[in-house]
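Let me give you the structure first, and then I'll get to my questions.
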Amino acid sequence: MKLTRGFFLITIIFLAILFNYSCTSKQISITPELVSPENNATNVPFNNVVLRFKTTVGKTYDVIIKDSATNSQVFTTTIKAEKEIEQVIVPKGIFSPEKKYKWYV
């Protein structure tokens with residue numbers, strides 16, 4: 001009886017510690033997070049633009065850029081994250097000056 005009670009108490013303590021750790025440990029983000037350019041950035045050079053975002057290593061991401069006025073897609077690429085902050089270089093000729101664009105990951 002004492003052995004069963006001791007085992008039960010140890011199990012409860014272990015589960016409480018495990019629950020506490022899982023609730024307070026750093027959570028891994030599953031969604032990408034914008035690094036640069038900032039939201040609503042202006043005066044971004046339109047040749048060889050570099051888009052940076054935080055990722056989860058090992059996940060695959062689709063990067064999509066659309067014309068803000070027409071919502072038409074002007075560029076897309078897929079990357080597999082190999083580091084915490086990834087970047088995509090948009091080749092020269094994709095963007096036009098004086099136009100607004102939005103990008104999604």
Side-chain angles (χ1 to χ4, degrees):
M1 179 86 166
K2 281 188 174 185
L3 182 61
T4 304
R5 185 175 173 194
F7 178 74
F8 179 72
L9 287 174
I10 290 172
T11 303
I12 294 297
I13 291 170
F14 174 74
L15 290 174
I17 292 170
L18 182 64
F19 178 76
N20 185 41
Y21 175 76
S22 66
C23 290
T24 59
S25 63
K26 180 182 176 187
Q27 298 296 315
I28 298 173
S29 175
I30 58 172
T31 58
E33 183 181 329
L34 170 69
V35 174
S36 69
E38 295 179 5
N39 272 337
N40 299 312
T42 58
N43 299 319
V44 176
F46 61 94
N47 286 323
N48 300 314
V49 174
V50 179
L51 307 174
R52 291 182 180 87
F53 54 97
K54 290 183 182 178
T55 66
T56 300
V57 174
K59 289 194 59 131
T60 300
Y61 295 91
D62 293 320
V63 178
I64 301 165
I65 301 174
K66 293 183 178 184
D67 181 310
S68 286
T70 65
N71 208 37
S72 61
Q73 190 169 305
V74 296
F75 178 80
T76 185
T77 190
T78 301
I79 66 161
K80 184 167 184 175
E82 296 179 359
K83 50 192 176 263
E84 186 178 326
I85 296 180
E86 283 293 343
Q87 68 180 25
V88 170
I89 299 174
V90 182
K92 182 177 181 179
I94 299 296
F95 295 136
S96 299
E98 305 301 320
K99 276 190 150 188
K100 292 184 180 182
Y101 298 92
K102 50 189 172 181
W103 64 291
Y104 307 90
V105 179

Handout entry: Side-chain donor-acceptor contact under 3.5 Å, Asp62 with Thr78
Key = yes
Handout entry: Check: Glu86 main-chain N/O paired with Tyr61 side-chain donor or acceptor under 3.5 Å
Key = no
Problem - Side-chain (Thr55) to main-chain (Lys83) donor-acceptor, under 3.5 angstrom - result: yes
Problem - Straight-line distance of Ile65 CD1 to Lys102 NZ, nearest 0.5 Å - result: 12.5 Å
Problem - Side-chain touch Lys66/Val74, heavy atoms, less than 4.5 angstrom - result: no
Handout entry: pair Val88-Phe53: side-chain heavy atoms closer than 4.5 Å
Key = yes
Handout entry: Partners meeting ring-ring contact (aromatic ring centres under 6.0 Å, His included) with Phe75 (sequence neighbours left out)
Key = none
Completion exercise
Separation between CG (Asn47) and CD1 (Ile89), nearest 0.5 Å, reads 12.5 Å
Practice task
May I ask you to decide if the ring planes of Phe95 and Tyr101 are parallel, tilted or perpendicular, using 30° and 60° as cut-offs?
Solution key: tilted
Fill in the blank from the handout: Heavy-atom closest pair (Asn48 atom, Lys92 atom, distance to 0.1 Å) is OD1-N, 3.4 Å
Practice task
Side-chain contact test, heavy atoms from C-beta onward, threshold under 4.5 Å: evaluate it for Ile64 versus Gln73 and give yes or no.
Solution key: yes
Problem - Distance-minimising heavy-atom pair for Glu84 and Val57 - result: N-CG2, 3.9 Å
Problem - Connected via hydrophobic side-chain network under 4.5 Å: Ile94 and Val105 - result: yes
Practice task
Give a yes or no on this: more than 12 heavy atoms of other residues, nucleotides or ligands lie within 6.0 Å of atom NZ of Lys100.
Solution key: no
Problem - Gap separating the CD1 atom of Ile79 from the NZ atom of Lys59, nearest 0.5 angstrom - result: 12.5 Å
